[in-house]
Every structure is written in structure tokens, then in C-alpha cells.
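Predicted model, so just to flag it, every value in this text is computed and none were measured. Chain naming here is simple, since letters A, B, ... match the order of the sequence lines and numbering starts at 1 in each.
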Amino acid sequence: MHRTDLTRIDDFTWEVPESFREGMRVPVRIIANEELIDDILAGEACEQAIQTAMLPGLVGHLVVMPDVYSGQGAPVGIVAVSKWPVGAIAPGAIGHDINTGVRLLGSNIRVDQVEDAFDDLADRLQERIPCGVDAEGSIQLAKSEVDHVAQSGAQWALRKDMAQQDDLVRAEEGGRLNEAEPSKVSDVAQSLGAQQLGTLGGGEHFIEILAVEEVFNRAAALTMGLKEGTLVAQIHCGSRGYGRQVCADYIERFQEVGHDYDITPPNPNLACVPLESSEAEDYMGAMRAAANYAYANRQVLAHRVREVFDDVLDGMGDRLKTVYDVAHNLGQIEMHQVEGKHMRCYVHRKGAARAFGPGTPGISLPYRALGQPVLVPGSMGETSWVMLATRNAMQKSFGSACHGAGRTMSRHEANHQADEVALDESLEEKGIRVRSSSSGESSASTGGVQLKENIDAVVETVAGADLASKVARLKPLAVVHG
DNA sequence: ATGTCC
């Protein structure tokens, strides 16, 4: 695909018109600046976005975020809005990693007072937090308890003394989605859930210690508890095997029943059913259960981080306060203004954060007047950003913003051990402590493997497109990953 | 993303 195929809407918005391909239901709108657009057009994600725009019952436009990259079925970095009740729901447009997201903890701990402790912090985090695809948790749950976690989300952790009330107040949806139906989750998923709570997983999931490097919006930063020169912790992870299995189970089921509804999906991984079908209802219940599992997981990990801070920094764990907790892969029923009409919709966000503008109901109370916080982690070891959703986001992107830096080389492509090690080494060279379950196994790397750092371009684009505004930039000090 | 894909 080339620029000549696009209509330029404004400096940061490029449209693939509905007429581009037979079967597209809505245009695709790519949010990108001059620096990012050509890479996006060159990649596989663009074709995937066009296919995703063929899902039945979509309205408005398919939003492509500047940090988009290729995924299964739909790319990672899209928002697809389905009209209620005539539209369809597609698990592949939410993703296998249901409610992968970010928890950010701020603190009043000054970086310069604890510089000597970074190595110990990294070591202890690695010891305390099981990482990697096959990680099993320190918490073993009975099957009935898995259902309680899936029902209660982060509130489960509060009952188990692994959360503070304020953690829930400053979390999207209070860390719990209503109407979760653990009974609609398969036994296989449930057994995985029994073993994996409090684990980080693999891929791009990580825990980082960072410093608040620069504040751009003092008032907002004050409300968020972010101050220049202080230490923060960021947790990027999701629902592990539990959510992955839910997605896989329902894609399979939707593939089987799709033709009963006269639906031919654009691609088998985009199998879908009508929103008001019993299959859709089952999936929504199971997906919310997985989302709650992820909220609980990030809460347990936040608790582990506090424990490590208690140990290493002499009881400083309590000084870590939740800034916000946000999902990057979720589907939700929302009201939106589409082509001048206020309508009930089902919003698929895959690799996109909900970003409701100031005053919108549904934003956690401490932030309702400001707008929803948008947490933008870089790829592990990269600069991260905290932003704030703007009013404009409501119509331009159906209340959504980017989820983090796109990857020019996915960990899937970088699947060779040597590349993984080389990536870690390039971070170490920058003075960042890296602890990885796969590190140190090989130094056969040739070096020179690097993730292109495009997060600044992503953030400039999101700010330029007026989806969110900058609050603070965070600089990584230590990262633990699978 | 993942009891990891041929």
C-alpha cells in the first residue's frame, strides 16, 4: 500500500477509503505522522486492518494507532466499533492476551537517595516474580478460587490483603468488570488460571523501575502523584494462559457457528457472531472473567513489588501508590457519537487504551475532571510516557489512544535466543539493569540488534492528533522480564 | 500473547 492510495484528512490522519477494497464496511483511519506512516503502510498490519474493517456491523471508522504492528487476525493497535445490536463481536479483534495492560505505581522516593539499591531491587524482583511463558505462581488456587478471582478482579486481592483501597479507586473500572461469567470459561483455561496468578509471562511483558524524568503538566502530575526525580514502578502484563485460552476457545466456537448466522468472516482468526447471540453473550462473560483475572494479576504483582521495596529499601513498600491501571486489550459496551448519532456500541480495543476525555462518566473519580490517564509504556527498557485523554479523542478515536511503542522487530521475529540476548545487552549498555529468565544462556550474539525506538514519534503523533496530552516522561532504570 | 508454529 502506498500514500497515493490514501486520503489525507489532516496532518496526523490518513484514510484508506471504504472503496479501496470490496467488502470494507468502514474506512480505515491511520493516526500517524510523516515519520511513521510509511513504515505502517509497508507492514503486514495495514492489510490486517483492511480485513478487520470488513467485520459485519462496524460503524464510524476503523482506528489504527501510530504504534500498530501485526497480530493474529486483527493487528495490534486498532479500535473497531460495532453497532449494537446489529453488529458482530470478534475475539480476534480483542486479542489472545485479554486485558494485557499496565499498572503504574508512583512514589515519593527520591531516585538519588536509592541509587545504590537498583541492582538489589532488580535481583529481588526477579526472584520474587515468576517470569516466562511457563511461569507458575507462588499462589496455587483451587478451581473454585479461580472463579472468585475471575468474578472479583483486583477486589479479590483486597480481600487477601494484597491491595490497598486506593489501588482500586485509581484503576480503570475499579479493577473489576461487572457481569463476568467464569462458568463460561473452559476447564482448560481454569486449570491454567489455577497456576498462573502472580506471574509475569513472556513476550513483551515486564516489570520496570523508572524515574520521573520530566513533567509537562504540573497540575495533572500532582493529582497523579508524579514528581520529577522520584521512583516509579510499571507492570506490563495480562491474563496469561487463562485469557489466551478463552480467546482460542471462542474463536474456534465462532468458526463453527458463524455460518448459522450467515456470516463469513474476513479471515478465520476474525471469526465473529452477532452481538445479540447466545454465543456472543457467553464470550462476553468469559472475556470479562479473563479481564478480571488480569486486573487481579497486576494487583498481585503490584503487591510483590511493594514487598520487594519493603525488603530492599527498609519498609518503603507503602510509599508506592497506584497512579492508574489500564487495559490495552478489551471489548466494552459504550455509548458513542457516530456520524452525528448517539449510539450504543461494542468497542473492540486491541493494543489500544480506553482514553475518555474530561468529564466522561466511567473515568475513575480522582481523574474524572482531568480526563482518563493514558499509560504509554515503551518497549521494555525504553522511555515511557504518561498522558491524559482529551475531549477530541471521544470522536476521533471513539475514546481511545495508543498503548505503547510499536515494535519494528516483534519478539516473534526476534525469536532467536541470540537476538533476545543482544536486545538485553543493548539495554545494559545504556546503564539499565536487565534481569531475564533467558539471559546469560548464550553470548553468541553478533550485537547490533536493536529495537528501533519509536515511542517518541508515537507520543508526538498522539499529542499532535489531540487524542491525549503529555503529562510526564519516565526513564527506565531496571527491567525484569521473561 | 501463548502448557509458543511448521
Side-chain angles (χ1 to χ4, degrees), chain A residues 44-45 48 52 65 67-78 90-103 130-137 140-141 143 146 185-207 235-252 267-270 283 286-287 289-295 297-298 301 326-331 348-353 377 379-380 403-407 409-417 419-420 423 436-438 441 451 481-482:
Chain A
E44 201 190 339
Q48 291 178 338
T52 309
M65 291 297 170
D67 52 340
V68 70
Y69 60 92
S70 73
Q72 273 184 40
V76 181
I78 54 113
I94 292 170
H96 279 88
D97 42 348
I98 295 168
N99 192 3
T100 277
V102 183
R103 165 71 63 98
C131 294
V133 176
D134 52 0
E136 291 188 7
Q140 289 288 327
L141 300 174
K143 287 194 171 184
V146 177
V185 173
S186 69
D187 289 347
V188 178
Q190 195 192 37
S191 338
L192 290 168
Q195 299 169 339
Q196 297 180 331
L197 195 68
T199 66
L200 190 55
E204 186 60 11
H205 288 166
F206 57 79
I207 294 189
I235 300 163
H236 180 229
C237 73
S239 48
R240 304 285 286 103
Y242 188 87
R244 182 210 155 271
Q245 193 62 45
V246 166
C247 183
D249 289 341
Y250 279 92
I251 285 181
E252 197 184 330
N267 159 333
N269 283 321
L270 287 172
Y283 168 67
M287 193 264 316
N292 285 342
Y293 188 93
Y295 282 134
N297 197 29
R298 285 198 290 279
L301 293 179
V326 63
H328 286 165
N329 289 23
L330 208 59
H348 305 75
R349 292 192 183 85
K350 182 178 183 182
S379 285
M380 59 180 87
H403 78 302
R407 336 188 34 138
M409 178 174 65
S410 69
R411 289 256 159 186
H412 202 67
E413 287 170 59
N415 216 351
H416 312 289
Q417 193 83 10
D419 288 348
E420 292 279 347
L423 286 172
S436 153
S437 53
S438 60
E441 294 196 8
L451 287 174
H481 71 91

TODO: Start with the C-alpha gap between A:Glu204 and A:His236, add the side-chain angles, then the distance that decides, and say whether side-chain contact (heavy atoms from CB on, under 4.5 Å) holds.
DONE: CA-CA 8 Å; A:Glu204 186 60 11; A:His236 180 229; 4.2 Å; yes
Open item on the list: Whole angstroms only, please: what is the NE2-P distance between A:His236 and B:dA1?
Closed with: 6 Å
Open item on the list: Tell me the interatomic distance from A:Asp249, atom CG, to B:dG3, atom C1', rounded to whole angstroms.
Closed with: 13 Å
Task: Separation of atom NE2 in A:His96 from atom P in B:dC5, rounded to whole Å - done: 10 Å
Task: Distance, rounded to the nearest Å, where A:Asn329 contributes CG and B:dT2 contributes P - done: 11 Å
Open item on the list: So, using salt bridge (Lys or Arg N to Asp or Glu O under 4.0 Å) as the criterion, who are the partners of A:Arg298 when residues are at least two apart?
Closed with: A:Asp325
- [ ] Just call it for A:Val188: base, sugar-phosphate, or nothing, with non-hydrogen atoms closer than 4.0 Å on any strand.
- [x] base
Task: Phosphate-side-chain proximity, A:Arg240 and B:dA1, N/O vs OP1/OP2 below 4.0 Å - done: no
Task: Any donor-acceptor N/O pair under 3.5 Å between B:dA1 base and A:Gln72 side chain - done: yes
Task: Near-strand residues of residues 192-202 of chain A, defined as heavy-atom separation under 4.0 angstrom from DNA chain B - done: A:Gln196, A:Gly201, A:Gly202
Task: Value in whole Å for how far the C1' atom of B:dA1 lies from CE of A:Met380 - done: 12 Å
- [ ] Establish, with yes or no, whether the OP1 or OP2 oxygen of B:dT4 is under 4.0 angstrom from a side-chain nitrogen or oxygen of A:Arg244.
- [x] no
Task: Between C1' of B:dT4 and CD of A:Gln245, the distance in whole Å - done: 13 Å
Open item on the list: So which atom in A:Val246 and which in A:Ile98 form the shortest heavy-atom distance, rounded to 0.1 Å?
Closed with: CG1-CD1, 3.8 Å
Task: Residue pair A:Ala291 / A:Leu330: nearest heavy atoms and the distance that separates them - done: CB-CD1, 3.5 Å
Open item on the list: My understanding is that only residues two or more places apart in sequence, or in another chain, count here; which of them pass side-chain contact (heavy atoms from CB on, under 4.5 Å) with A:Gln72?
Closed with: A:His96, A:Asn269
- [ ] Round to the nearest Å and state the distance from A:His481 atom NE2 to B:dA1 atom P.
- [x] 12 Å
Task: Separation of B:dA1 C1' from A:Arg349 CZ (nearest whole Å) - done: 20 Å
TODO: Look at all strands and tell whether A:Gly241 reaches a base, only sugar-phosphate, or nothing, counting heavy atoms closer than 4.0 Å.
DONE: sugar-phosphate
- [ ] Locate the shortest heavy-atom distance separating A:Ala93 from A:Ala74; write the atom from each residue and the value.
- [x] CA-CB, 3.9 Å
